[in-house]
J.: 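One structure is given below, represented as structure tokens, and several questions about it will come after.
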Amino acid sequence: MLNPKLIRDNTDKVKDKLLSRGFQEEQFNQYITLDSKWRALLQDVEQLKQDQNKMIPKGKPSPEQLETLKKLSSSIKEKQEQLKETEDKLKLIALTIPNVPLDSVPYGTSEDDNVEIKKVGEPQQFDFQVKSHDEIGIDLDILDFETAAKITGSRFVLYKGLGAKLERALINFMLETHEDNGYTEYLLPAIVNRDSLYGTGQLPKFEDDQFKLSDTDYYLSPTAEVQLTNIFRDEVIEESRLPINITAYTPCFRKEAGSYGKDIKGLIRQHQFNKIELVKIVNPKNSEYELEKLLNNAEKILQLLEIPYRVVTLCTGDLGFTSAKTYDIEVWLPSQGKYREISSCSNFLDFQSRRAMIRYKNIEENKTNYVHTLNGSGLAVGRTVAAVIENYQTKDGNIRIPEVLKKYLKVEEIKCLKKITSL
RNA sequence: GGAGAGAUACUCAAGUGGCUCAAGAGGACGGUUUGCUAAACCGUUAGUGUGCGUAAGUGCAGCGAGGGUUCGAAUCCCUCUCUCUCCGCCA
């Protein structure tokens with residue numbers, strides 16, 4: 001949610017920025033109209049209430065007083081109804097207004113306008129026909145999409161033997177690396193309530209992307225961003241505790257509505273996947289700097305795994321609803337011959353903290369203000385497995401184990417010997 | 001799942017329709033006294049959200065949340081959330 005005062009005081013600038021990311025002009029104008037109507041009504045109601053407060057006697061009112069008070073009361077009610085109606089409309093729009101991009105975000109309309117800011121590592125030249133990760137995974141009997149489809153449905157996967165171990169090794173490796181960089185680890189509920197989803201901005205706009213549990217107001221969390229950020233919902237944090245750096249491994253659940261036909265095969269787009277999330281709660285004056293740090297912390301994983309990647313800045317048109325600035329880390333996938341998103345690191349400024357009422361307090365000045373929130377994947381584990389498999393594949397169809405993972409897996413290679421079990 | 005009890009400010013807590021635009025105590029902070037500390041005494045302590053105002057300021061809301069009744073609600077009614085106790089079930 002944007003600061004209403006910011007919109008009032010900088011209407012033209014905000015409007016320009018919002019239109020650049022595809023927000024409808026008509027909606028924006030409607031918001032402005034409703035906002036001034038709301039303020040006018042609020043002043044009326046408050047004036048009437050003040051009159052009422054002054055007029056209400058200490059004891060029983062006289063018949064004449066009663067008459068006046070009744071009239072006053074009914075006119076308050078009438079105005080109040082108008083106010084509430086306007087307020088509801090206003091809120092509805094306010095909750096669907098996206099964040100305002102920072103000035104450093106490039107203008108653009110689609111992902112084609114994203115700007116590459118760096119490339120790290122050279123994609124390896126293979127002297128054989130590379131296979132995709134799902135092909136290799138199936139051949140080595142460490143990934144099983146068919147059986148997962150039997151148990152559940154499409155876009156689910158089952159890891160087996162060293163495949164399961166590889167996933168678990170990556171989870172541990174990532175968490176330990178982040179811990180070394182000052183993040184505190186959490187283990188969290190996978191199910192969240194509506195308030196939490198409103199707080200981080202998944203609702204009300206993206207209801208269709210969420211798995212809702214029937215007969216309840218619970219949802220399967222689409223990202224640990226929701227749980228981690230909402231830890232601090234409705235809290236006032238002492239300024240000296242900032243920045244707060246936290247991390248968690250969670251399963252994530254997404255309907256992937258509207259992505260039919262995209263990434264049908266493999267681990268890239270699943271309804272359930274594991275992710276390590278990084279969240280920062282920071283002092284507003286530091287958030288731009290903290291985003292760079294967050295990006296570095298996420299990049300570190302791929303650097304240690306020695307897998308090539310690049311970083312792009314999302315343009316205004318490709319920016320997520322809640323974000324003011326986003327860096328995507330894209331990992332090299334040899335079978336696709338291109339870089340694919342594996343992490344998204346964003347600065348939300350006070351957009352989420354306004355919705356979720358996350359504030360900090362400066363004790364000396366006795367001032368409270370909204371914090372800035374940031375988060376990034378560090379990293380999406382399934383996609384990392386895909387990247388490891390593809391980048392570390394050998395001519396004979398095996399997978400070498402990255403140096404940093406050897407201590408977890410205790411093997412040098414995942415080999416195509418025989419099926420691990422007969423099933 | 002059943003039965004009961006709760007939720008008031010930093011903490012404890014009074015408060016069954018107007019005398020409370022929330023008493024009192026503790027704590028915290030400030031002051032008087034004091035060689036220093038303590039005690040005693042005096043004072044402050046409703047954070048927050050939001051409107052108007054350049055500002056000083058001023059209004060409104062706020063007693064777990066949301067509705068309702070009423071001229072008037074912490075108080076009465078309805079719905080919900082959470083906490084606690086007991087019973088049942090259970091990894």
Side-chain angles (χ1 to χ4, degrees), chain A residues 1-11 31-95 97 187-199 203-204 212-219 226-227 230-242 251 281 284 350-371:
Chain A
M1 195 151 51
L2 293 175
N3 184 350
K5 285 181 196 137
L6 182 85
I7 306 179
R8 272 173 220 148
D9 298 343
N10 305 282
T11 310
Y31 174 88
I32 297 294
T33 314
L34 281 169
D35 184 55
S36 50
K37 186 178 171 194
W38 174 78
R39 277 183 295 163
L41 283 167
L42 185 69
Q43 280 167 49
D44 291 351
V45 168
E46 291 190 348
Q47 185 58 53
L48 289 168
K49 280 196 174 175
Q50 192 183 346
D51 296 347
Q52 188 186 44
N53 283 340
K54 281 182 183 154
M55 238 182 268
I56 283 177
K58 292 281 184 199
K60 276 208 186 305
S62 66
E64 309 88 72
Q65 278 178 321
L66 199 62
E67 178 117 355
T68 330
L69 284 167
K70 274 188 182 172
K71 270 187 198 150
L72 194 54
S73 173
S74 73
S75 60
I76 288 176
K77 265 195 189 132
E78 198 181 306
K79 275 276 182 208
Q80 232 165 4
E81 244 161 67
Q82 292 176 38
L83 179 69
K84 191 163 188 304
E85 202 179 300
T86 311
E87 195 170 272
D88 288 347
K89 280 188 201 159
L90 189 65
K91 261 194 190 150
L92 209 65
I93 298 183
L95 283 170
I97 297 177
L187 195 61
L188 301 159
I191 295 173
V192 296
N193 60 31
R194 292 183 69 84
D195 287 345
S196 295
L197 288 167
Y198 269 97
L203 291 181
K212 183 164 199 264
L213 301 179
S214 62
D215 301 331
T216 72
D217 261 339
Y218 290 154
Y219 294 78
V226 177
Q227 295 99 308
N230 277 283
I231 288 172
F232 302 96
R233 173 153 48 88
D234 298 323
E235 299 289 333
V236 178
I237 304 161
E238 204 177 300
E239 189 177 19
S240 60
R241 279 184 63 202
L242 301 177
I281 311 284
D350 59 355
F351 191 86
Q352 290 182 328
S353 59
R354 274 179 190 282
R355 291 176 160 239
M357 289 294 282
I358 306 173
R359 290 162 299 166
Y360 72 96
K361 182 171 195 147
N362 182 310
I363 298 276
E364 287 94 67
E365 294 171 33
N366 199 29
K367 279 204 171 146
T368 45
N369 197 4
Y370 293 99
V371 298

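Residue numbers start from 1 in every chain, and the chains themselves are labelled A, B, ... in the order their sequence lines are given, proteins ahead of strands.
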J.: Out of C71(B), G51(B), C60(B), which nucleotide sits closest to the side chain of Arg39(A)?
T.: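 The closest nucleotide is G51(B).
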J.: Ala40(A): which residues meet the side chain to side chain contact (heavy atoms under 4.5 Å, CB included) condition with it, sequence neighbours left out?
T.: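 Expected list: none.
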J.: Under 4.0 Å between any heavy atoms, over every strand shown, what does Arg8(A) touch: base, sugar-phosphate, or nothing? Just pick one.
T.: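 Arg8(A): backbone/sugar contact only, no base atoms under 4.0 Å.
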J.: What is the distance from NZ of Lys70(A) to P of G72(B), rounded to the nearest Å?
T.: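 Whole-Å distance recorded here is 10 Å.
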J.: Quick one: Arg194(A) CZ to U81(B) P, roughly how many Å, whole number?
T.: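 The distance from CZ of Arg194(A) to P of U81(B) comes to 14 Å, rounded to the nearest Å.
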J.: On the side chain of Glu46(A), is there an atom forming a donor-acceptor pair with the base of G59(B) - under 3.5 Å, no angle test?
T.: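 When only heavy-atom distances are counted, Glu46(A) does reach the base of G59(B) through a donor-acceptor pair under 3.5 Å.
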J.: Quick one: Asp9(A) CG to G51(B) P, roughly how many Å, whole number?
T.: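 So the CG-P distance, Asp9(A) to G51(B), works out to 11 Å.
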J.: Using the C1' atom as the point on both nucleotides, what is the distance between A13(B) and U20(B), in whole Å?
T.: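 These two C1' atoms come out 15 Å apart once rounded.
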J.: Given Leu48(A), which partner from the list Glu78(A), Lys79(A), Lys77(A) fulfils the side chain to side chain contact (heavy atoms under 4.5 Å, CB included) test?
T.: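 Looking at Glu78(A), Lys79(A), Lys77(A), the match for Leu48(A) under the side chain to side chain contact (heavy atoms under 4.5 Å, CB included) is Lys79(A).
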J.: Step through the shown structure and confirm whether more than 12 heavy atoms of other residues, nucleotides or ligands are within 6.0 Å of OH on Tyr218(A).
T.: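 Incorrect, the count does not exceed 12.
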J.: Can you tell me the Watson-Crick or wobble partner of U69(B), both distances under 3.5 angstrom?
T.: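 Check on U69(B): unpaired, no WC or wobble geometry under 3.5 Å.
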J.: G47(B), G49(B), C71(B): which one has an atom nearest the side-chain heavy atoms of Lys361(A)?
T.: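 Taking heavy atoms from C-beta onward, the closest nucleotide is G47(B).
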J.: At under 4.0 Å between heavy atoms, what does Lys54(A) touch on the DNA or RNA strands: base, sugar-phosphate, or nothing?
T.: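 No contact at all - Lys54(A) keeps every heavy atom at 4.0 Å or more from the nucleic acid.
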J.: How about CD on Gln65(A), more than 12 heavy atoms from neighbouring residues, nucleotides or ligands closer than 6.0 Å, or not?
T.: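 Yes, the 6.0 Å shell around CD holds more than 12 heavy atoms from other groups.
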J.: Starting at NZ of Lys5(A) and ending at P of U54(B), how long is that distance when rounded to a whole Å?
T.: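 Value for this atom pair: 14 Å.
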J.: Is it true that atom CD of Glu67(A) has more than 12 heavy atoms of other residues, nucleotides or ligands lying nearer than 6.0 Å?
T.: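 Counting other residues, nucleotides and ligands, CD of Glu67(A) stays at 12 neighbours or fewer.
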J.: Would you measure the distance from the P atom in C21(B) across to the matching atom in A61(B) and give it in whole Å?
T.: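 Each nucleotide's P atom is 13 Å from the other's.
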J.: Please report, rounded to the nearest Å, how far the P atom of G66(B) is from the NZ atom of Lys84(A).
T.: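 From Lys84(A) NZ to G66(B) P: 10 Å.
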J.: Rounding to the closest angstrom, what is the interatomic distance between U75(B) and A65(B) at atom P?
T.: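 11 Å, rounded to whole Å.
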J.: By the 4.0 Å heavy-atom rule, please label Gln52(A) as base, sugar-phosphate, or nothing.
T.: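 Counting heavy atoms under 4.0 Å across all strands, the contact made by Gln52(A) is with sugar-phosphate only.
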J.: Write down the distance between CD (Gln50(A)) and C1' (C21(B)), rounded to a whole number of angstrom.
T.: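 After rounding, the reported distance stands at 12 Å.
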J.: For Lys49(A) and Asn369(A), take the nucleotide of RNA chain B holding the closest heavy atom to each; which residue's nucleotide lies nearer the 5' end?
T.: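 Looking at RNA chain B, the more 5' nearest nucleotide goes with Asn369(A).
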J.: For Leu66(A), report the nucleic acid contact type (base, sugar-phosphate, nothing); a contact means any heavy atom under 4.0 Å.
T.: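 Base: the residue Leu66(A), judged by heavy atoms under 4.0 Å, touches a nucleobase.
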J.: In whole Å, measure the gap between the P atoms of G51(B) and U33(B) for me.
T.: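 That atom pair is separated by 46 Å.
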J.: Considering every strand shown, what is the Watson-Crick or G-U wobble mate of U33(B) when both distances are under 3.5 Å?
T.: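 Across all strands, not a single nucleotide pairs with U33(B).
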J.: With both distances under 3.5 angstrom, what nucleotide forms a Watson-Crick or G-U wobble pair with A14(B)?
T.: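 WC or wobble partner does not exist here.
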J.: What nucleotide, of G59(B), A61(B), G72(B), holds the atom closest to the side chain of Ser73(A)?
T.: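 Given the options G59(B), A61(B), G72(B), the side chain of Ser73(A) is closest to G72(B).
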J.: Distance check, P atoms only: U48(B) and U16(B), in whole angstrom units.
T.: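 Looking at atom P only, U48(B) and U16(B) are 31 Å apart.
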J.: Pairing check on C19(B): which nucleotide meets the Watson-Crick or G-U wobble criteria with it, both distances under 3.5 Å?
T.: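 Per the H-bond distance test, none.
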J.: When you measure from the side chain of Tyr370(A), which nucleotide among U50(B), A61(B), C71(B) comes out closest?
T.: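 Of all the options, the side chain of Tyr370(A) is nearest to U50(B).
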J.: Taking A22(B) as the reference, what is the distance to A73(B) when you measure between their P atoms (whole Å, please)?
T.: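 About 14 Å, rounded to a whole number of Å.
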J.: Where the side chain of Leu69(A) is defined as all heavy atoms beyond and including C-beta, which of G51(B), C71(B), A61(B) is the nearest nucleotide?
T.: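 Of G51(B), C71(B), A61(B), C71(B) is nearest to the side chain of Leu69(A).
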J.: Give the nucleotide from the list U48(B), G51(B), A61(B) with an atom nearest to the side chain of Arg359(A).
T.: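 Nearest to the side chain of Arg359(A) among the choices is U48(B).
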J.: Can you confirm whether more than 12 heavy atoms, excluding those of Leu187(A), are under 6.0 Å from its CG atom?
T.: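 It does not: Leu187(A) CG has 12 such atoms or fewer within range.
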J.: Rounded to whole angstroms, how far apart are CD on Gln43(A) and C1' on G51(B)?
T.: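 One finds 6 Å between C1' of G51(B) and CD of Gln43(A), rounded.
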J.: Provide, to the nearest angstrom, the distance between the CG atom belonging to Leu90(A) and the C1' atom belonging to U50(B).
T.: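 Atom CG in Leu90(A) sits about 13 Å away from atom C1' in U50(B).
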J.: Looking at Asn53(A), I'd like to know whether one of its side-chain N or O atoms comes within less than 4.0 Å of OP1 or OP2 on G59(B).
T.: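 No.
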J.: For U81(B), give its Watson-Crick or G-U wobble partner with both distances under 3.5 Å, or none.
T.: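 Paired with U81(B), as far as the under-3.5 Å criterion goes, is A7(B).
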J.: Counting heavy atoms from C-beta on, name the nucleotide in G49(B), G51(B), U70(B) closest to the side chain of Lys77(A).
T.: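 Looking only at heavy atoms from C-beta outward on Lys77(A), the closest nucleotide is U70(B).
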J.: Counting heavy atoms from C-beta on, name the nucleotide in C60(B), U48(B), G51(B) closest to the side chain of Thr368(A).
T.: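 Of the options given, the side chain of Thr368(A) lies nearest U48(B).
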J.: Look through every strand shown and name the nucleotide pairing with A55(B) as Watson-Crick or G-U wobble, where both distances are under 3.5 Å.
T.: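 Checking every strand shown, A55(B) finds no partner, since no pair has both distances under 3.5 Å.
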J.: Using purine N1 to pyrimidine N3 plus N6-O4 or O6-N4 for Watson-Crick, or N1-O2 and O6-N3 for G-U wobble, each under 3.5 Å, what pairs with A46(B)?
T.: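 The base-pairing partner of A46(B), which may sit in any strand shown, does not exist here.
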J.: Across all strands shown, which nucleotide pairs with G62(B) by Watson-Crick or G-U wobble geometry, both distances under 3.5 Å?
T.: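 Because no pair has both required distances under 3.5 Å, G62(B) counts as unpaired.
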J.: Look at the side chain of Leu42(A) and decide which nucleotide, out of U50(B), G49(B), C60(B), has an atom nearest to it.
T.: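 Minimum distance to the Leu42(A) side chain belongs to U50(B).
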J.: For U8(B) versus C87(B), give the span between their C1' atoms, rounded off to a whole number of Å.
T.: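 Per the computed distance, 31 Å lies between those C1' atoms.
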J.: If you count heavy atoms of other groups shown closer than 6.0 angstrom to NZ of Lys212(A), is the number above 12?
T.: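 Yes.
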J.: Quick test of your reading of the model: are Lys5(A) and Asp9(A) salt-bridged, counting only N-O distances below 4.0 Å?
T.: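 Not counted as a salt bridge, because no side-chain N and carboxylate O are separated by less than 4.0 Å.
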J.: Could you measure between the two P atoms, the one in C77(B) and the one in A23(B), and give it in whole Å?
T.: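 Per the computed distance, 25 Å lies between those P atoms.
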